[in-house]
Participant: 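Let me give you the structure first, and then I'll get to my questions.
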Amino acid sequence: MGFRFDLIWGYLPFFWSGALLTIGFSLAGIVFGTIIGLGIAFGKMMKSKVLAAPFVCYITFFRGTPLFVQILIIHFGVVPKILGQANAIVAGIVALSLNEAAYIAEVFRAGIQSIDDGQMEAARSLGMTHGQAMRYIILPQAVKRVLPPMGNEFISLIKDSSLVSAIAAPELTYWAQAMNAQYTLVWEPYLTIALIYLILTLTMSSLVHLLERRMATK
């Protein structure tokens, strides 16, 4: 029995819409995860252990529990409490963003702490406040150093977004499962989405390498 390209062709509109939603989940996770993660990184680096404790707990929880379980908790518990009903799209964005933030926070923390303390002291001696020194001296250098691990995180996020198919969010894996259920086929749906995921991750990898080269020349 041959490979059923005709069935794949019929499902292309669904795979296309699923790919767009996968990209949407990934972009939302990257943007919100980076914003939240940067705030958490600064929170964890506070000198007061009491004030830093909530941020440490946040990172410990989201890095120490499976993303799949976090998605289920947020979809069936958190989102209905807030919106009054379950919403797979909202739950997927929230879960991916919160999970990604925990990993990005550690990447940012490591990057900031890798900058020599003398640079902060030099900036303060020039009359800069702590915030100005962080913004104009420390962070620009830290961003260059964290770009490669951040790129790996973003690529992982694209692949991890497939887990939201468990809450019926109609992304790529959801439509592959639907095709599998309708035609009892394995190779056609799953090899197709594997190829699409590969294209997405290679594209993201190329963009990160391009950004690395541009920042290295500045």
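Sequential numbering from 1 along the given sequence is applied to the chain's residues. Please read all numbers here as calculations on a predicted model, not as lab measurements.
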Participant: Does some side-chain heavy atom of S205 sit less than 4.5 Å from a side-chain heavy atom of H209?
Facilitator: yes

Participant: To the nearest 0.5 Å, what is the distance between CE on M120 and CG on D117?
Facilitator: 8.5 Å

Participant: Nearest 0.5 Å, what's the CG-CG distance between L185 and L191?
Facilitator: 11.0 Å

Participant: Rounded to the nearest 0.5 Å, how far does OG1 of T173 lie from CG of N180?
Facilitator: 12.0 Å

Participant: Which residues satisfy the side-chain contact (heavy atoms from CB on, under 4.5 Å) test with Q132, sequence neighbours excluded?
Facilitator: M128, T129, Y136

Participant: Between S17 and F14 (side chain of the first, backbone of the second, donor and acceptor by atom type, cut-off under 3.5 Å), is there such a pair?
Facilitator: yes

Participant: Between CD of Q70 and CG of L163, what distance do you get to the nearest 0.5 Å?
Facilitator: 10.0 Å

Participant: In the single-linkage hydrophobic clustering (I, L, V, M, F, W, Y; side-chain heavy atoms under 4.5 Å), do F5 and I193 co-cluster?
Facilitator: yes

Participant: Side-chain heavy atoms under 4.5 angstrom apart, residues restricted to Ile, Leu, Val, Met, Phe, Trp, Tyr: same cluster for L67 and F76?
Facilitator: yes

Participant: Looking only at heavy atoms, what is the nearest atom pair of I74 and A91, with distance?
Facilitator: CG2-O, 3.9 Å

Participant: Let me see the working for F25 and E171 under side-chain contact (heavy atoms from CB on, under 4.5 Å), right down to the final yes or no.
Facilitator: CA-CA 9 Å; F25 276 134; E171 47 71 70; 4.3 Å; yes

Participant: With a 6.0 Å cut-off (strictly less than), is the heavy-atom count around CZ of F32, excluding the residue itself, greater than 12?
Facilitator: no

Participant: Hey, any chance L98 and F61 share a hydrophobic cluster, counting ILVMFWY side chains that come within less than 4.5 Å of each other, even indirectly?
Facilitator: yes

Participant: How close do S165 and Y174 get, heavy atom to heavy atom, and via which atoms?
Facilitator: CB-N, 3.6 Å

Participant: Closest approach of F15 and A176, non-hydrogen atoms and distance?
Facilitator: CE2-N, 3.8 Å

Participant: Might you work through the side-chain contact (heavy atoms from CB on, under 4.5 Å) test for I104 and M150, ending with a clear yes or no?
Facilitator: CA-CA 7 Å; I104 289 178; M150 288 276 284; 3.7 Å; yes

Participant: How close do V208 and L147 get, counting heavy atoms only, and between which atoms?
Facilitator: CG1-O, 4.1 Å

Participant: Tell me, with the steps shown, if E188 and Y11 meet side chain to side chain donor-acceptor pair (under 3.5 Å).
Facilitator: CA-CA 10 Å; E188 287 82 352; Y11 251 83; over 6 Å; no

Participant: Should L210 and L202 be regarded as members of a common hydrophobic cluster, given that ILVMFWY residues are connected when their side-chain heavy atoms come within less than 4.5 Å of each other, either directly or indirectly?
Facilitator: no

Participant: Nearest 0.5 Å, please: how far is CD1 in I158 from CG in L200?
Facilitator: 5.5 Å

Participant: With sequence neighbours left out, write down each residue that passes salt bridge (Lys or Arg N to Asp or Glu O under 4.0 Å) with R63, or none if nothing qualifies.
Facilitator: E106

Participant: Kindly indicate, with the supporting measurements, whether the criterion side-chain contact (heavy atoms from CB on, under 4.5 Å) is fulfilled by L172 and I196.
Facilitator: CA-CA 9 Å; L172 269 176; I196 297 174; 3.5 Å; yes

Participant: Just by modelled atom types, is the Y103 backbone N or O under 3.5 Å from a matching donor or acceptor in the E100 side chain?
Facilitator: no

Participant: Between the side chain of R145 and the main-chain N/O of S114, is any donor-acceptor distance below 3.5 Å?
Facilitator: yes

Participant: Locate the shortest heavy-atom distance separating T22 from S161; write the atom from each residue and the value.
Facilitator: CG2-OG, 3.5 Å

Participant: What pairs with R135 under side-chain hydrogen bond (donor to acceptor under 3.5 Å, both in side chains), at least two apart in sequence or on another chain?
Facilitator: none

Participant: Under a 4.5 Å side-chain heavy-atom rule over Ile, Leu, Val, Met, Phe, Trp and Tyr, are F3 and W175 clustered together?
Facilitator: yes

Participant: Evaluate the side-chain contact (heavy atoms from CB on, under 4.5 Å) criterion for residues R109 and F42: first the C-alpha distance (whole Å), next the side-chain angles of each, then the deciding distance (0.1 Å), finally the verdict.
Facilitator: CA-CA 7 Å; R109 181 192 58 75; F42 283 123; over 6 Å; no

Participant: Identify which one of I73, I89, I167, N87 satisfies the side chain to side chain contact (heavy atoms under 4.5 Å, CB included) criterion when paired with V79.
Facilitator: N87

Participant: Might you point out which heavy atoms bring A28 and S97 nearest each other, and give the distance in Å?
Facilitator: O-OG, 3.5 Å

Participant: If I take atom CG from residue L51 and atom CE from residue M45, how far apart are they, to the nearest 0.5 angstrom?
Facilitator: 14.0 Å

